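Numbering of residues begins at 1 and proceeds along the displayed sequence. Nothing here was measured: the structure is a model prediction, and the numbers come from that model.
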Amino acid sequence: MNQAETSRRLRWWQMLGGLLLAAGLAACGTPLPSQGVAAAPETAPAPAPARMAAPRAARAESTLGTQWGEGRESNIRTVDATRLSPDRPQAVSQLRYSDETSIRRALGSRVDRQLNVLLADGEVEWSVQDGQGRPLPIFSTRGGQDFQVAGRSGERYELVYTNRSNRYYEVVATVDGLDVLSGQPGSVRNDGYLLRPGETLRIDGFRKSRSEVAAFRFAAKGRAYANNTPAGDARNVGVIGSALFEVRVNERDGGARRPPEGAAGRPQAFPGDPARPYAPPPQYRR
């Protein structure tokens, strides 16, 4: 191969190399076909923050219920009164109850002990008293509202309300979920007892008539009135409830708020067989 041919081939390869290099550079400068906006790389979702449950107030499971006790004389008369706020009670509160050992075991060292509970910003004091009029201890966690009354099986008790104000209040009370006047499921819509200014009201049993109640007595849960009457529910055994309504009274004196046996003066075909607006007796299954 002579020198001239060699020189021509070298120039040809140099030209070819230059063309290839130019083509490569052109390819690098050409935009890629549109593929849409590329998504950012997926990252694993941040773990949801753990839900920290608020510590549950220590609570003793009730070992007691309230039995339909012996008949006690308790006279009432009815009063014409009107709730100032029918759908909004001034106070609603509840007391759970059990034996003292179970309560102390549940609360441990974080225990407060008191003798009553304040309702309606302290205008009414509510206590549970034994048959001799001594307040039963009410326990709670320190600074808490989880009130628990210590009772003893066989012990008679009363619900006691003292009005420290100049207002008239209606007290709607339940025991084991049953209304203490009617023996039916408790509701703040039910009628209640009148609590006059500066006076003390004692509710000492399920009302059987205008002149008699069946005493409240702590007993084994199986003997509870709520476990032995069609209106009762075993899940509610072990709790006492109170609701307060401020009322305007249209008579000078009173006991229960309204005539529970119907409007006064209404004709009755069988006056010797009055309707039963009060609590029916229990029906023990064994």
Side-chain angles (χ1 to χ4, degrees), residues 66 69-84 89-97 113-140 145 147-151 155-175 178-182 186 188 190-218 239-258 260 278-279:
T66 295
E70 70 280 6
R72 295 181 59 82
E73 184 177 358
S74 174
N75 295 297
I76 60 168
R77 64 181 297 268
T78 56
V79 174
D80 182 15
T82 304
R83 292 180 180 177
L84 300 188
Q90 272 61 50
V92 176
S93 186
Q94 70 174 31
L95 302 174
R96 300 187 67 85
Y97 64 87
R113 186 179 189 273
Q114 59 197 70
L115 298 179
N116 60 34
V117 171
L118 301 182
L119 304 177
D121 293 327
E123 293 193 359
V124 174
E125 298 174 1
W126 177 26
S127 63
V128 180
Q129 299 183 6
D130 66 15
Q132 285 71 49
R134 297 172 299 203
L136 298 179
I138 301 173
F139 297 94
S140 64
Q145 301 288 312
F147 301 118
Q148 301 176 62
V149 177
E155 182 175 47
R156 187 174 73 82
Y157 71 88
E158 302 175 346
L159 309 181
V160 181
Y161 304 84
T162 301
N163 190 349
R164 302 295 186 190
S165 76
N166 60 358
R167 306 175 195 269
Y168 286 87
Y169 282 107
E170 179 187 3
V171 178
V172 180
T174 66
V175 170
L178 296 177
D179 186 272
V180 299
L181 274 172
S182 67
V188 295
N190 292 345
D191 290 341
Y193 285 97
L194 181 67
L195 176 59
R196 292 171 290 182
E199 295 200 1
T200 295
L201 166 68
R202 293 179 176 273
I203 303 176
D204 54 353
F206 294 105
R207 183 147 294 280
K208 300 169 67 175
S209 70
R210 289 178 179 268
S211 58
E212 185 182 3
V213 296
F216 297 137
R217 283 199 178 272
F218 292 122
V239 65
I240 303 168
S242 290
L244 290 186
F245 291 88
E246 187 179 354
V247 295
R248 181 177 61 252
V249 177
N250 303 322
E251 290 184 13
R252 294 181 182 177
D253 199 2
R257 185 170 69 91
R258 290 185 200 149
Y278 302 114

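- Between the side chain of Arg156 and the backbone N or O of Gly131, at least one donor-acceptor pair lies under 3.5 Å.
- Here CZ of Arg196 is found 7.5 Å from OH of Tyr168. Values are rounded to the nearest 0.5 Å.
- If you check the side chains of Glu73 and Asn75, you find a donor sitting under 3.5 Å from an acceptor.
- Without hydrogens or angle criteria, Asn166 side chain to Pro197 main chain gives no donor-acceptor distance under 3.5 Å.
- The side-chain heavy atoms of Leu244 and Val171, taken from C-beta on, include a pair separated by under 4.5 Å.
- A heavy-atom distance below 4.5 Å is not found between the side chains of Val172 and Val188.
- Shown here for Leu119 and Ser242, the closest heavy-atom pair between the two residues is CD1-CB, 4.5 Å.
- Nearest heavy-atom pair, Gly71 versus Lys208, reported as atom, atom and distance to 0.1 Å: CA-NZ, 4.3 Å.
- Phe147 is linked by a ring pair (Phe, Tyr, Trp, His ring centres under 6.0 Å) to nothing, counting only residues two or more places apart in sequence or in another chain.
- Residues Pro89 and Val92 share a closest heavy-atom pair of CG-CG2, 3.5 Å.
- Closest approach of Ala279 to Phe206, counting heavy atoms only: CB-CB, 4.1 Å.
- For the pair Tyr97 and Leu136, the minimum side-chain heavy-atom distance is 4.5 Å or more.
- Across all their heavy atoms, Gln114 and Ser140 have their closest contact at OE1-OG, 4.3 Å.
- Paired with Asn163 under the rule side-chain contact (heavy atoms from CB on, under 4.5 Å), one option of Leu195, Leu201, Thr200 passes, and it is Leu195.
- Partners of Tyr169 by ring pair (Phe, Tyr, Trp, His ring centres under 6.0 Å), not counting sequence neighbours: none found.
- Side-chain N or O atoms of Ser209 include one that pairs as donor or acceptor with a backbone N or O of Ser211 at under 3.5 Å.
- For the pair Val149/Tyr157, no side-chain contact is recorded, criterion being any heavy-atom separation below 4.5 Å from C-beta on.
- Residues Leu159 and Val128 are in side-chain contact: their nearest non-hydrogen atoms beyond the backbone lie under 4.5 Å apart.
- Side-chain contact check for Leu84 versus Arg248: some heavy-atom pair is nearer than 4.5 Å.
- For Phe139, the ring pair (Phe, Tyr, Trp, His ring centres under 6.0 Å) test picks out no residue, with sequence neighbours left out.
- When each of Glu123, Glu125, Glu199 is tested with Arg164 by the rule salt bridge (Lys or Arg N to Asp or Glu O under 4.0 Å), just one qualifies, namely Glu125.
- With a 4.5 Å cut-off on side-chain heavy atoms, Leu194 and Val247 count as touching.
- In terms of heavy-atom proximity, Gly69 sits nearest to Ala214 at O-CB, 3.6 Å.
- Taking CD of Gln132 as the start and CD of Glu155 as the end, the distance is 8.0 Å to the nearest 0.5 Å.
- For the side chain to side chain donor-acceptor pair (under 3.5 Å) with Tyr193, the qualifying choice from Arg207, Arg202, Glu170 is Arg207, the only one to do so.
- For the atom pair CZ of Arg113 and CD of Gln148, the computed distance is 14.0 Å after rounding to the nearest 0.5 Å.
- Remark: Asp191 CG to Leu181 CG distance equals 7.5 Å, nearest 0.5 Å.
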Item to complete: Under the side chain to side chain contact (heavy atoms under 4.5 Å, CB included) rule, what do Ile240 and Trp126 come out as? Steps first, then yes or no, please.
Response: CA-CA 11 Å; Ile240 303 168; Trp126 177 26; 3.7 Å; yes

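- Rounding to the nearest 0.5 Å places CD1 of Ile138 at 7.0 Å from OG of Ser127.
- In this structure, Gln145 CD and Gln94 CD are separated by 11.5 Å, a value rounded to the nearest 0.5 Å.
- Using a distance-only test at 3.5 Å, with no hydrogens or angles considered, no donor-acceptor pair links the side chain of Gln90 to the main chain of Ala120.
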